[in-house]
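Inspection log for the structure reproduced underneath, given as C-alpha coordinates.
When reading the values below, keep in mind they use all heavy atoms of this one structure, side chains included, and skip hydrogens, waters and symmetry mates. Residues: numbered from 1 along the sequence shown.
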Amino acid sequence: MPAGAAAERSEDAYEISWFAGTGSGGQHRNKHANCCRIRHLPTGLVRTATGRSRQANLRDARAALDADLNALLDGQRKADIDGSRRQQVGTGQRGDKVRTYRAQDNRAVDHRTGRKSSFTRVMAGGLDRLWSRTPPSSA
(Lines give C-alpha, C1' and ligand atoms only; values in the text may rest on other atoms or scores of the structure.)
Protein backbone atom coordinates (compact mmCIF):
# COMPACT_ATOMS: atom_id res chain seq x y z
CA MET A 1 0.00 0.00 0.00
CA PRO A 2 1.45 3.38 -0.93
CA ALA A 3 2.36 5.81 1.83
CA GLY A 4 -0.51 8.16 2.62
CA ALA A 5 -3.01 6.03 0.70
CA ALA A 6 -5.31 5.66 3.68
CA ALA A 7 -5.45 9.42 4.16
CA GLU A 8 -6.77 10.07 0.63
CA ARG A 9 -10.53 10.57 0.90
CA SER A 10 -11.45 12.56 -2.20
CA GLU A 11 -14.44 11.44 -4.28
CA ASP A 12 -12.04 10.12 -6.93
CA ALA A 13 -10.58 7.67 -4.40
CA TYR A 14 -13.86 5.74 -4.16
CA GLU A 15 -15.56 3.39 -6.60
CA ILE A 16 -19.28 3.01 -5.90
CA SER A 17 -21.28 0.21 -7.51
CA TRP A 18 -24.94 -0.71 -7.10
CA PHE A 19 -26.45 -4.19 -7.30
CA ALA A 20 -29.74 -5.93 -6.62
CA GLY A 21 -30.09 -7.63 -3.27
CA THR A 22 -31.22 -11.16 -2.58
CA GLY A 23 -33.26 -12.78 0.14
CA SER A 24 -36.38 -11.61 1.91
CA GLY A 25 -37.86 -8.23 0.96
CA GLY A 26 -39.99 -9.11 -2.01
CA GLN A 27 -39.96 -7.75 -5.51
CA HIS A 28 -38.66 -4.32 -4.49
CA ARG A 29 -35.48 -5.79 -2.98
CA ASN A 30 -34.81 -8.34 -5.70
CA LYS A 31 -35.61 -6.17 -8.71
CA HIS A 32 -34.09 -2.77 -7.82
CA ALA A 33 -30.35 -2.08 -7.55
CA ASN A 34 -30.37 -0.56 -4.06
CA CYS A 35 -27.46 -2.42 -2.48
CA CYS A 36 -24.22 -0.45 -2.39
CA ARG A 37 -20.60 -1.59 -2.66
CA ILE A 38 -17.90 1.03 -2.01
CA ARG A 39 -14.23 0.36 -2.74
CA HIS A 40 -11.42 2.65 -1.58
CA LEU A 41 -9.08 2.43 -4.55
CA PRO A 42 -5.73 3.35 -2.88
CA THR A 43 -6.07 0.72 -0.14
CA GLY A 44 -8.45 -1.81 -1.73
CA LEU A 45 -10.81 -1.81 1.27
CA VAL A 46 -14.40 -2.75 0.36
CA ARG A 47 -17.65 -2.29 2.30
CA THR A 48 -21.19 -3.23 1.30
CA ALA A 49 -24.63 -2.35 2.62
CA THR A 50 -27.69 -4.37 1.61
CA GLY A 51 -30.75 -2.71 3.10
CA ARG A 52 -33.92 -1.67 1.24
CA SER A 53 -33.16 2.06 0.97
CA ARG A 54 -30.58 3.30 -1.55
CA GLN A 55 -29.67 6.43 0.45
CA ALA A 56 -29.37 4.54 3.73
CA ASN A 57 -27.18 1.89 2.08
CA LEU A 58 -24.83 4.53 0.68
CA ARG A 59 -24.64 6.27 4.06
CA ASP A 60 -24.05 3.00 5.97
CA ALA A 61 -21.41 1.69 3.57
CA ARG A 62 -19.58 5.04 3.59
CA ALA A 63 -19.63 5.16 7.41
CA ALA A 64 -18.32 1.58 7.69
CA LEU A 65 -15.56 2.26 5.14
CA ASP A 66 -14.57 5.48 6.92
CA ALA A 67 -14.35 3.56 10.20
CA ASP A 68 -12.10 0.95 8.54
CA LEU A 69 -9.87 3.66 7.05
CA ASN A 70 -9.57 5.39 10.43
CA ALA A 71 -8.64 2.08 12.07
CA LEU A 72 -6.04 1.43 9.36
CA LEU A 73 -4.56 4.90 9.78
CA ASP A 74 -4.49 4.59 13.58
CA GLY A 75 -2.82 1.19 13.28
CA GLN A 76 -0.12 2.59 11.01
CA ARG A 77 0.50 5.52 13.37
CA LYS A 78 0.69 3.18 16.36
CA ALA A 79 3.12 0.88 14.52
CA ASP A 80 5.35 3.85 13.66
CA ILE A 81 5.34 5.09 17.25
CA ASP A 82 5.95 1.60 18.65
CA GLY A 83 8.82 1.01 16.23
CA SER A 84 10.45 4.29 17.18
CA ARG A 85 10.02 3.57 20.89
CA ARG A 86 11.35 0.03 20.55
CA GLN A 87 14.39 1.31 18.69
CA GLN A 88 15.15 3.79 21.49
CA VAL A 89 14.27 1.67 24.52
CA GLY A 90 14.57 -1.93 23.40
CA THR A 91 12.09 -4.70 23.98
CA GLY A 92 12.58 -4.99 27.73
CA GLN A 93 13.52 -8.64 27.40
CA ARG A 94 16.40 -10.40 29.11
CA GLY A 95 18.78 -9.77 26.21
CA ASP A 96 18.52 -5.99 26.58
CA LYS A 97 20.25 -5.80 29.94
CA VAL A 98 23.29 -3.60 30.43
CA ARG A 99 24.53 -4.75 33.85
CA THR A 100 23.77 -7.52 36.31
CA TYR A 101 24.30 -7.10 40.04
CA ARG A 102 24.15 -10.30 42.12
CA ALA A 103 24.72 -9.73 45.80
CA GLN A 104 24.23 -13.44 46.58
CA ASP A 105 27.24 -14.39 44.45
CA ASN A 106 29.18 -11.14 45.11
CA ARG A 107 29.32 -10.52 41.35
CA ALA A 108 28.66 -7.56 39.05
CA VAL A 109 28.84 -7.88 35.25
CA ASP A 110 28.70 -5.21 32.55
CA HIS A 111 27.28 -7.01 29.50
CA ARG A 112 28.41 -4.39 26.98
CA THR A 113 32.10 -4.66 27.90
CA GLY A 114 32.06 -8.18 29.28
CA ARG A 115 34.02 -7.12 32.39
CA LYS A 116 33.25 -8.60 35.80
CA SER A 117 33.99 -7.39 39.29
CA SER A 118 32.94 -8.10 42.84
CA PHE A 119 29.60 -6.69 43.87
CA THR A 120 30.95 -5.12 47.08
CA ARG A 121 33.69 -3.21 45.22
CA VAL A 122 31.23 -1.87 42.64
CA MET A 123 28.76 -0.79 45.34
CA ALA A 124 31.60 0.92 47.24
CA GLY A 125 32.16 3.22 44.26
CA GLY A 126 34.22 1.08 41.91
CA LEU A 127 31.82 1.21 38.97
CA ASP A 128 34.72 2.19 36.72
CA ARG A 129 36.07 -1.37 37.18
CA LEU A 130 33.29 -2.54 34.84
CA TRP A 131 34.14 -0.05 32.09
CA SER A 132 36.81 -0.69 29.54
CA ARG A 133 38.03 1.16 26.48
CA THR A 134 38.76 -2.08 24.65
CA PRO A 135 36.20 -4.77 23.87
CA PRO A 136 36.51 -7.99 25.84
CA SER A 137 38.74 -10.69 24.43
CA SER A 138 37.03 -13.78 23.08
CA ALA A 139 39.13 -16.23 25.08
Side-chain angles (χ1 to χ4, degrees):
M1 172 181 3
E8 185 179 338
R9 301 208 182 174
S10 66
E11 288 299 319
D12 297 337
Y14 296 103
E15 176 187 318
I16 300 173
S17 58
W18 299 95
F19 59 97
T22 59
S24 62
Q27 182 179 7
H28 176 76
R29 179 170 171 87
N30 298 331
K31 196 171 182 182
H32 296 93
N34 287 340
C35 297
C36 177
R37 179 181 300 121
I38 300 179
R39 177 189 310 264
H40 187 247
L41 297 174
T43 59
L45 290 175
V46 177
R47 276 302 186 183
T48 60
T50 59
R52 286 180 54 101
S53 168
R54 189 176 178 106
Q55 291 83 11
N57 287 339
L58 180 61
R59 182 184 62 240
D60 293 347
R62 176 75 63 137
L65 187 61
D66 282 343
D68 286 350
L69 287 172
N70 287 336
L72 180 66
L73 207 58
D74 289 344
Q76 288 175 344
R77 269 193 231 116
K78 185 178 182 320
D80 290 344
I81 291 169
D82 287 349
S84 175
R85 182 193 58 78
R86 190 168 290 119
Q87 187 178 21
Q88 295 171 16
V89 176
T91 61
Q93 299 295 317
R94 292 176 60 182
D96 289 342
K97 60 188 173 188
V98 175
R99 285 185 205 93
T100 300
Y101 301 98
R102 287 199 40 98
Q104 300 92 341
D105 301 334
N106 195 27
R107 179 179 63 189
V109 179
D110 189 317
H111 298 286
R112 292 179 294 185
T113 62
R115 304 227 17 215
K116 300 175 185 170
S117 181
S118 70
F119 176 76
T120 52
R121 286 185 182 167
V122 170
M123 295 308 290
L127 190 61
D128 57 340
R129 298 176 61 88
L130 296 177
W131 297 335
S132 173
R133 293 179 188 254
T134 59
S137 62
S138 58

Write down the atom of [X], the atom of [Y], and the distance for their closest heavy-atom approach.
| X | Y | result |
| --- | --- | --- |
| Leu58 | Ile38 | CD1-CD1, 3.9 Å |
| Leu41 | Asp12 | CD1-O, 3.8 Å |
| Cys35 | Ala20 | SG-C, 4.3 Å |

Non-neighbouring partners of Arg107 that pass salt bridge (Lys or Arg N to Asp or Glu O under 4.0 Å), sequence neighbours left out | Asp105

What's the spacing between [X] [atom1] and [Y] [atom2] if we round to 0.5 Å?
| X | Y | atom1 | atom2 | result |
| --- | --- | --- | --- | --- |
| Lys97 | Asp110 | NZ | CG | 12.0 Å |
| Tyr14 | Leu45 | OH | CG | 9.5 Å |
| Trp18 | Cys36 | CH2 | SG | 4.0 Å |
| Arg39 | Arg47 | CZ | CZ | 13.5 Å |
| Arg9 | His40 | CZ | NE2 | 7.0 Å |
| Leu65 | Leu69 | CG | CG | 4.5 Å |

Quick one: does Phe19's side chain get under 4.5 Å of Asn34's, heavy atoms only?
-> no

Do the non-hydrogen side-chain atoms of Arg99 and Arg112 ever get within less than 4.5 Å of each other?
-> yes

Is it true that Asp80 and Arg77 make a salt bridge, defined as a side-chain N closer than 4.0 Å to a carboxylate O?
->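 The answer is no: the pair does not qualify as a salt bridge.
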
Output yes when Lys78 and Asp82 qualify as a salt bridge under the 4.0 Å nitrogen-oxygen rule, no when they do not.
->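 A salt bridge is present here (some side-chain N lies under 4.0 Å from a carboxylate O).
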
Quick one: side chains of residues 116-124, donor-acceptor pairs under 3.5 Å with protein atoms, not counting sequence neighbours, listed by atom name and distance.
from   : atom 1 : to     : atom 2 : distance (Å)
Ser117 : OG     : Arg129 : NE     : 3.1
Ser118 : OG     : Arg121 : N      : 3.4

Could you walk me through whether Thr100 and His111 pass side-chain contact (heavy atoms from CB on, under 4.5 Å), step by step?
-> CA-CA 8 Å; Thr100 300; His111 298 286; 2.5 Å; yes

